[in-house]
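Chain letters run A, B, ... following the sequence lines, proteins first and then strands; every chain starts at 1.
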Number of protein chains: 4
Amino acid sequence: MSDDAAANQAANDETPTAGASESLGVTGERLRSFIERIERLEEEKQALADDIKEVFAEAKATGFDVKTIRKIIRMRKQDIDQRKEEEALLETYLAAIGMV
Amino acid sequence: MSDDAAANQAANDETPTAGASESLGVTGERLRSFIERIERLEEEKQALADDIKEVFAEAKATGFDVKTIRKIIRMRKQDIDQRKEEEALLETYLAAIGMV
Amino acid sequence: MSDDAAANQAANDETPTAGASESLGVTGERLRSFIERIERLEEEKQALADDIKEVFAEAKATGFDVKTIRKIIRMRKQDIDQRKEEEALLETYLAAIGMV
Amino acid sequence: MSDDAAANQAANDETPTAGASESLGVTGERLRSFIERIERLEEEKQALADDIKEVFAEAKATGFDVKTIRKIIRMRKQDIDQRKEEEALLETYLAAIGMV
DNA sequence: GAATGGTCCCATAGGC
DNA sequence: GCCTATGGGACCATTC
């Protein structure tokens with residue numbers, strides 16, 4: 001493993017005045033905080049995924065072909081990506097010739 | 001592919017005099033609306049994915065091992081999923097013995 | 001992608017007396033061998049899938065509810081997976097605190 | 001998990017005096033048997049999937065492009081399927097004209 | 001034919 | 001910098 005001590009739950013007492021449990025508690029708190037933040041975000045992300053699914057369902061109910069819609073969206077995304085790339089390239093060129 | 005509604009990408013008729021073209025325009029509008037709603041949601045979803053990545057990066061910078069954190073999160077999720085499934089199974093059993 | 005090129009990376013001459021076409025032949029042999037091995041394995045895999053289907057059918061004929069059986073099997077699998085993951089996590093922790 | 005409860009909607013009686021509860025025990029046995037047969041088969045199926053993965057890995061290590069190999073296999077499968085279909089159609093025609 | 005679950009493929013991310 | 005591993009998305013088969 002790369003980092004020193006992964007989830008340092010075992011470990012060394014860093015605050016001499018405190019008990020071992022204290023510093024452990026702090027580390028644990030931070031870890032828990034990270035985990036919960038991530039879980040919260042993933043929950044929201046999942047909610048959005050569900051929303052998207054719903055919209056597809058609605059489109060389907062309206063009589064549209066979902067697969068085709070997906071294809072269109074993919075194409076549009078490609079276009080956007082490409083456009084962004086082109087703009088980025090343009091920026092690079094402009095920067096290269098000192099036009100900021 | 002189901003050709004009928006599917007390919008209605010044309011959609012750009014905005015002639016006020018209506019007729020078949022008018023309904024196509026309407027269909028096109030609806031299609032565009034669906035697509036844009038989805039794109040908007042996917043954008044937000046992507047933003048959340050980026051946020052999550054950031055939190056992982058922050059945790060890593062703090063000295064935690066990302067891989068381990070991922071594992072913990074996965075396990076917690078498994079717990080939740082399993083609990084849900086157990087409840088679903090119970091429902092199934094109840095239904096099977098006619099207890100609705 | 002250039003499909004033709006794809007398979008040619010192996011192309012080193014193993015028979016010093018042969019020309020390029022010979023080494024290509026060897027490469028082709030190896031490729032064919034891989035493909036046939038995979039196809040054979042997939043055939044067996046498919047046969048097993050069919051067997052499983054049969055067992056489900058038999059269970060159904062016996063009066064069991066297939067859906068419920070599926071759910072039970074899924075849950076049992078989850079249990080096993082989770083146990084494995086817990087062990088893996090333990091390993092990770094042990095490694096993290098230097099207990100190999 | 002409470003395996004015994006399974007699809008035995010009533011359940012856990014193993015009283016030696018038999019009666020309805022005895023037949024339930026028998027039912028439980030059958031259910032368990034089905035489940036274990038399926039699990040065994042899925043295990044083998046998974047083993048084959050792993051084997052296939054290994055072969056792909058070996059092919060890759062040899063210098064072949066996995067994606068392309070997949071494509072070839074897919075094409076060959078299509079050919080086989082098509083051939084089967086043609087044969088089936090031929091059978092149908094032969095049957096239709098009374099040539100068994 | 002609609003919904004669901006399972007499988008496969010790809011693209012990205014992290015490790016060596 | 002490659003290469004493996006993991007997660008997400010698409011497709012497909014099956015069930016109700």
Exercise. Taking the side chain from A:Ser33 and the backbone from A:Glu29, do they hold a donor-acceptor pair closer than 3.5 Å?
Worked result: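 Checked: no pair found.
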Does [N] have OP1 or OP2 sitting under 4.0 Å from an N or O in the side chain of [X]?
{"X": "B:Lys60", "N": "E:dG15", "answer": "yes"}
{"X": "B:Lys71", "N": "F:dG7", "answer": "no"}
{"X": "D:Arg70", "N": "E:dC9", "answer": "yes"}
{"X": "B:Arg74", "N": "F:dG7", "answer": "yes"}
{"X": "C:Lys53", "N": "F:dT14", "answer": "yes"}

For this session: Between D:Lys45 and B:Phe56, name the one whose nearest nucleotide on DNA chain E is closer to the 5' end.
Result: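 Nearest nucleotide further toward 5': that of D:Lys45.
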Separation of [N] [atom2] from [X] [atom1] (nearest whole Å):
{"X": "B:Ile52", "N": "F:dG8", "atom1": "CD1", "atom2": "C1'", "answer": "13 Å"}
{"X": "D:Gln78", "N": "F:dC12", "atom1": "CD", "atom2": "P", "answer": "10 Å"}
{"X": "C:Glu85", "N": "F:dT6", "atom1": "CD", "atom2": "C1'", "answer": "12 Å"}
{"X": "B:Glu42", "N": "F:dG9", "atom1": "CD", "atom2": "C1'", "answer": "10 Å"}
{"X": "A:Ile38", "N": "F:dG7", "atom1": "CD1", "atom2": "C1'", "answer": "15 Å"}
{"X": "B:Leu48", "N": "F:dG7", "atom1": "CG", "atom2": "P", "answer": "18 Å"}
{"X": "A:Asp50", "N": "E:dA3", "atom1": "CG", "atom2": "C1'", "answer": "15 Å"}
{"X": "A:Asp81", "N": "E:dT12", "atom1": "CG", "atom2": "P", "answer": "10 Å"}

For this session: Taking atom CZ of C:Arg32 as the centre, report whether more than 12 heavy atoms of other residues, nucleotides or ligands fall under 6.0 Å from it.
Result: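 No, because the 6.0 Å sphere around CZ of C:Arg32 holds 12 heavy atoms or fewer from other groups.
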For this session: Answer yes or no: does atom CZ of A:Arg30 have more than 12 heavy-atom neighbours from other residues, nucleotides or ligands under 6.0 Å?
Result: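 Open: at most 12 neighbouring heavy atoms sit under 6.0 Å from CZ of A:Arg30.
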Exercise. Mapping B:Lys67 and C:Val66 onto DNA chain F by nearest heavy atom, which one lands closer to the 5' end?
Worked result: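 The 5'-side residue here is B:Lys67.
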For this session: Report the residue from B:Arg83, B:Lys77, B:Lys84 that forms a salt bridge (Lys or Arg N to Asp or Glu O under 4.0 Å) with B:Asp81.
Result: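 It is B:Lys77; the other options fail the test.
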Exercise. Does a salt bridge link C:Arg40 with C:Glu44, judged by any charged N lying under 4.0 Å from a carboxylate O?
Worked result: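 Result for this pair is yes, salt bridge flagged.
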